[in-house]
Amino acid sequence: MLGAHYQGQTWWIGGSWGKQSTDIAGVPDATLLNLSVQYSFGTSRAIAGAVWRNVQNSPRDNVAVTLGYDYDLSKRTTLYGRLLLLNNK
């Protein structure tokens, strides 16, 4: 797994790349690419992310996109919502 992120004053951007492999016969290797961004304003945060999964020699690839919103009600309580769009190829 290889990942990096950069944080500005009100925003954050990051990504990672990784490879899944196993010794189990018949289970193919897969590679994953993850990109995400977050923007903070006041007591709120907007979040977006995408993940691409490529399974070697298999039609089981997929793409996922996530959109989210966080609202801090207090120091310990956050109201949040997420929308996930998933495309299995």
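Below, each value reflects all heavy atoms present in this structure, side chains not excepted, and no hydrogens, waters or symmetry copies.
- One hydrophobic cluster, built from ILVMFWY side chains closer than 4.5 Å, cannot hold both L67 and L35; they sit in different ones.
- Taking OG of S74 as the reference point, atom CG of L79 lies at 11.0 Å (rounded to 0.5 Å).
- Note that OG1 of T43 and CG of L73 are 8.0 Å apart. Values are rounded to the nearest 0.5 Å.
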For I47 and T66, run side-chain contact (heavy atoms from CB on, under 4.5 Å): C-alpha distance rounded to whole Å, both residues' side-chain angles, the deciding distance at 0.1 Å, then the answer. CA-CA 8 Å; I47 302 160; T66 305; over 6 Å; no
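- When each of D29, D23, I24 is tested with V27 by the rule side chain to side chain contact (heavy atoms under 4.5 Å, CB included), just one qualifies, namely I24.
- Although no hydrogens or angles enter the test, the distance criterion places no donor-acceptor pair under 3.5 Å between the side chain of N62 and the main chain of N87.
- Between the CH2 atom of W12 and the OG atom of S36 there is a distance of 3.5 Å, given to the nearest 0.5 Å.
- Environment of CG in N88: crowded, with over 12 heavy atoms of neighbouring residues, nucleotides or ligands closer than 6.0 Å.
- Relative ring orientation between Y69 and F41 is described as tilted, the plane-to-plane angle lying within the 30° to 60° band.
- For the residue pair S16 and M1, the shortest heavy atom distance occurs at CB-SD, 3.9 Å.
- For the atom pair N54 CG and K19 NZ, the distance stands at 9.5 Å (nearest 0.5 Å).
- Smallest separation of non-hydrogen atoms from P28 and V55: CG-CG1, 3.3 Å.
- Between the CD atom of Q56 and the CG atom of D61 there is a distance of 10.0 Å, given to the nearest 0.5 Å.
- Applying the ring pair (Phe, Tyr, Trp, His ring centres under 6.0 Å) rule to W17 yields no partners; only residues at least two apart in sequence or on another chain are considered.
- Rounding to the nearest 0.5 Å places CD1 of I13 at 11.0 Å from OH of Y6.
- Between R53 and A30, the closest heavy-atom pair is NE-CB, 4.3 Å.
- When all heavy atoms are compared, the tightest approach of L86 to A64 is CD1-CB, 3.9 Å.
- Residues satisfying the ring pair (Phe, Tyr, Trp, His ring centres under 6.0 Å) test with W52, not counting sequence neighbours, are none.
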List the steps and the verdict of side-chain contact (heavy atoms from CB on, under 4.5 Å) for Q38 and D70. CA-CA 10 Å; Q38 176 178 296; D70 292 355; 5.6 Å; no
